[in-house]
Amino acid sequence: MTPVLYYFTGKLMYEIYFVFLFLENHPLTFYAMKRLFSLIILLVFVAPSLWSRTETDSIFQALSQAMRDKKMYMSKREQHIKDIKQLLKTPDLSDYQIYSIQDQLQGEYNSYKIDSAVYYGEQNLKIAEKLNNLEYIYDTKLNLSFSYWLEGRFIEALNLLDNLDRKSFDILPERLLISYYESYKRLFRYYASDDKNSPYYAIGILYRDSLLNIVPENSQSYRILSAEKLSDENDTQGAAQLLLEAIQLSTSEDHERAIFYNLLATVYKQAGDWEPEKKYYALSAICDLKNAIMENASMMALAMLLYEEGDIDNAYKCMKSSFEDAVFCNARFRTFEISKIFPIIDSDYQEKTARQKSELQKYLVAVSFLSLFLIAAVIYVYLQMKRIARIRKELYRTNVKLNQLNHDLQESNNRLLEVNHKLAETNRVKEAYLGKFIDLCSSYIEKLDNYRRNLNKIANSGKTEELLKLLKSSRFIDEELNWFYTNFDETFLRIYPTFISDFNALFPEGEKQAVKPGELLNTELRLYALIRLGINDSAKIAVFLRYSITTVYTYRSKLKNKSLFPENLEEQVMKIGSFAL
């Protein structure tokens with residue numbers, strides 16, 4: 001959106017806001033009426049203009065993009081033509097098949113490369129005469145007449161039409177009669193050059209009226225012809241309405257829609273409404289570009305309109321594109337029309353370019369003087385930068401020393417945190433085991449006292465054999481030992497609740513420790529539980545587990561070899577349940 005559009009849009013929104021705010025809090029005074037009238041003026045005159053300008057800008061952006069992509073669209077059409085030509089290489093084609101393929105090629109080359117369209121049309125005429133097929137002959141001559149007209153060979157086009165017998169169309173398909181009338185209408189309207197006083201113009205109207213009598217009323221062709229008639233009768237509003245309906249009914253951006261847009265732009269031109277005229281010429285040109293239609297009138301008409309508005313740059317681009325297309329297409333009459341206008345636009349464009357160059361030279365001189373000042377400023381800045389660089393070096397050395405001190409301080413802090421962590425963990429274990437130890441001691445004192453009383457009672461009763469039996473039995477020791485291990489297991493797992501899963505994570509599948517039902521820890525887990533508590537001496541572990549030292553060594557070696565960390569299994573065990581630093 002241009003700055004002008006921003007301004008008027010802001011102005012419009014401000015007026016709407018003010019009126020509603022004022023009327024909400026005050027009665028309808030003269031001042032409020034004045035503001036309301038201002039709002040109405042903006043809504044009626046400015047708002048449609050804003051919308052139209054924004055829409056036109058977006059259309060011209062799309063047109064510029066289509067012009068940049070023109071080679072891509074041409075390449076697609078060339079490939080499509082190449083695919084059709086490939087069909088001619090099919091062996092054992094009949095004359096009917098060759099005629100059909102060449103008819104497609106002529107249709108593709110019309111409005112793209114006229115001389116190629118003429119070539120295939122003339123080849124088809126030979127085949128049609130060879131087959132002695134009246135429908136093919138008339139169809140080919142009508143198509144060839146259109147190609148001659150596009151090429152600028154108007155006399156030859158008219159001669160072809162004049163040599164056709166009007167009565168023969170009574171036995172031919174109606175589409176050929178429509179094409180016959182359309183060809184004559186096109187030629188005479190061109191001869192008239194939009195001069196309504198020309199006799200050719202009147203003849204063209206007769207052929208148009210004849211077409212209106214035979215073309216189906218619900219067809220697009222009927223809408224176009226009716227719109228032309230209304231335009232000739234100066235009913236531009238009715239003509240525009242019909243063409244807009246035709247555009248809405250069209251399903252794709254093909255050449256037919258380009259024709260609709262072109263006719264609609266012509267209607268607005270007749271009405272003197274230049275903004276929609278420019279819009280629809282641009283839309284028509286976009287459709288032609290996307291369909292690689294090289295013989296087009298919309299681009300040239302748009303260039304002339306832009307030139308009249310004073311938009312020299314865009315007028316030159318459009319006219320240059322139209323001229324290149326006409327030369328490529330070999331549309332002689334279009335090239336001739338453009339050649340009458342293009343030099344004028346080109347001259348103004350070159351003159352504008354020369355002015356811009358002159359202004360650019362002045363700017364270069366000014367920039368040169370500014371450059372001298374800039375060089376002096378750069379030298380001054382360079383000297384200042386060298387001075388700053390020296391200061392930065394000193395700051396850098398200071399920062400390096402500070403960073404080193406910070407690093408040493410950080411290491412000290414880390415070591416302190418590690419020590420604190422170990423102390424905290426040790427305190428946690430000590431607190432847990434201290435309470436458990438007190439309970440165990442108290443329980444064992446009570447049990448030993450009860451055991452002593454029981455033995456004393458048996459001894460006093462003179463049951464010597466029962467006394468000896470009890471002294472020889474290890475059941476009491478075994479029961480107390482199992483109870484002791486259970487208490488140990490419960491206390492340990494309370495401190496390290498994930499010990500079993502974490503310990504098993506150090507072993508591969510198939511070597512993990514499984515605990516039997518009713519057990520909390522097995523012998524292997526209990527051994528490494530003691531190691532986790534810091535009891536690493538095998539002799540102490542053997543006493544605790546009531547195994548030999550050799551058995552403890554065997555268990556330790558066996559588990560190390562089975563683990564994922566045979567070199568440092570015990571170090572990994574010590575990490576279980578520890579605080580993260």
Side-chain angles (χ1 to χ4, degrees), residues 413-447 477-581:
N413 288 335
N414 289 338
R415 286 195 294 269
L416 184 60
L417 285 173
E418 186 176 355
V419 171
N420 289 336
H421 156 68
K422 291 180 179 178
L423 288 173
E425 186 175 0
T426 303
N427 289 334
R428 181 165 60 92
V429 174
K430 284 180 179 179
E431 288 172 1
Y433 272 97
L434 182 60
K436 197 66 179 178
F437 174 76
I438 293 170
D439 290 340
L440 283 173
C441 289
S442 175
S443 178
Y444 274 123
I445 290 170
E446 185 179 356
K447 285 183 179 181
I477 300 300
D478 292 338
E479 288 177 355
E480 293 304 317
L481 190 61
N482 288 334
W483 184 75
F484 172 74
Y485 286 151
T486 301
N487 274 275
F488 172 80
D489 295 347
E490 287 177 353
T491 305
F492 181 81
L493 290 176
R494 217 176 276 126
I495 299 171
Y496 303 104
T498 62
F499 177 78
I500 296 175
S501 59
D502 292 343
F503 184 78
N504 280 329
L506 304 176
F507 291 83
E509 292 295 330
E511 299 297 338
K512 300 181 183 299
Q513 296 296 319
V515 180
K516 295 179 181 179
E519 287 184 344
L520 295 176
L521 297 175
N522 59 19
T523 302
E524 290 84 350
L525 290 169
R526 197 172 290 125
L527 187 152
Y528 273 91
L530 291 169
I531 292 173
R532 177 63 188 88
L533 291 172
I535 304 172
N536 201 34
D537 188 354
S538 295
K540 292 181 180 180
I541 295 172
V543 172
F544 184 89
L545 298 177
R546 301 181 69 81
Y547 288 134
S548 65
I549 296 175
T550 305
T551 303
V552 172
Y553 276 125
T554 302
Y555 273 122
R556 292 175 78 166
S557 300
K558 187 177 178 181
L559 287 173
K560 281 182 181 180
N561 293 331
K562 289 180 178 180
S563 73
L564 298 171
F565 305 92
E567 300 297 329
N568 60 346
L569 175 62
E570 294 177 1
E571 293 178 10
Q572 298 296 325
V573 170
M574 291 300 293
K575 296 177 181 178
I576 294 175
S578 61
F579 297 114
L581 291 176

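Note that the coordinates shown come from a computational prediction; the quantities given were computed from them, not determined experimentally. In what follows, residues are counted from 1 in the order of the sequence shown.
- A salt bridge does not link Lys558 with Glu524: none of the charged nitrogens is closer than 4.0 Å to a carboxylate oxygen.
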Exercise for review: Please lay out, stage by stage, how Ser501 and Thr498 fare under the test side chain to side chain donor-acceptor pair (under 3.5 Å).
Suggested key: CA-CA 6 Å; Ser501 59; Thr498 62; 4.9 Å; no
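- Here the CD1 atom belonging to Ile541 is positioned 13.0 Å from the CZ atom belonging to Arg526, to the nearest 0.5 angstrom.
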Review point. Checking side chain to side chain contact (heavy atoms under 4.5 Å, CB included) for the pair Tyr528/Leu569: CA distance, chi angles, key distance, verdict?
Key: CA-CA 10 Å; Tyr528 273 91; Leu569 175 62; 3.6 Å; yes
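- Ring geometry, Phe492 versus Phe488: the interplanar angle falls under 30°, so the pair is classed parallel (tilted spans 30 to 60°).
- In this structure, Leu530 CG and Asp537 CG are separated by 11.5 Å, a value rounded to the nearest 0.5 Å.
- Looking at Asn522, its side chain never comes within 3.5 Å of a backbone N or O of Val515 through a donor-acceptor pair.
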Point to revise | side chain to side chain contact (heavy atoms under 4.5 Å, CB included) assessment of Tyr496 paired with Leu533 | key: CA-CA 10 Å; Tyr496 303 104; Leu533 291 172; 4.1 Å; yes
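- You'll find the side chain of Arg556 reaches within 4.5 Å of the side chain of Asn536, heavy atoms only.
- Distance check: Thr491 OG1 to Ile495 CD1 gives 6.5 Å after rounding to the nearest 0.5 Å.
- Ile535 places none of its side-chain heavy atoms less than 4.5 Å from the side chain of Phe544.
- Looking only at side-chain heavy atoms (C-beta outward), Gln572 and Leu564 stay at 4.5 Å or farther from each other.
- Closest approach of Arg494 to Pro497, counting heavy atoms only: O-CD, 4.0 Å.
- To the nearest 0.5 Å, atom CG of residue Leu545 and atom OG1 of residue Thr551 are 10.0 Å apart.
- Note that the OH atom of Tyr547 and the OG1 atom of Thr554 stand 12.0 Å from one another [nearest 0.5 Å].
- Under a cutoff of 6.0 Å and an axis angle of 45°, Arg532 and Phe499 do not form a cation-pi pair.
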Point to revise | Tyr485 and Arg546: CA distance, side-chain angles, deciding distance, side chain to side chain contact (heavy atoms under 4.5 Å, CB included) verdict | key: CA-CA 11 Å; Tyr485 286 151; Arg546 301 181 69 81; 4.0 Å; yes
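- Counted within 6.0 Å of OH on Tyr553, heavy atoms from surrounding residues, nucleotides or ligands total 12 or fewer; the atom is thus considered open.
- Separating the CD atom in Glu571 from the CD1 atom in Ile531 is a distance of 12.0 Å, to the nearest 0.5 Å.
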Review point. For Ile500 and Leu520, what are the C-alpha separation, side-chain angles and deciding distance, and is it a side chain to side chain contact (heavy atoms under 4.5 Å, CB included)?
Key: CA-CA 9 Å; Ile500 296 175; Leu520 295 176; over 6 Å; no
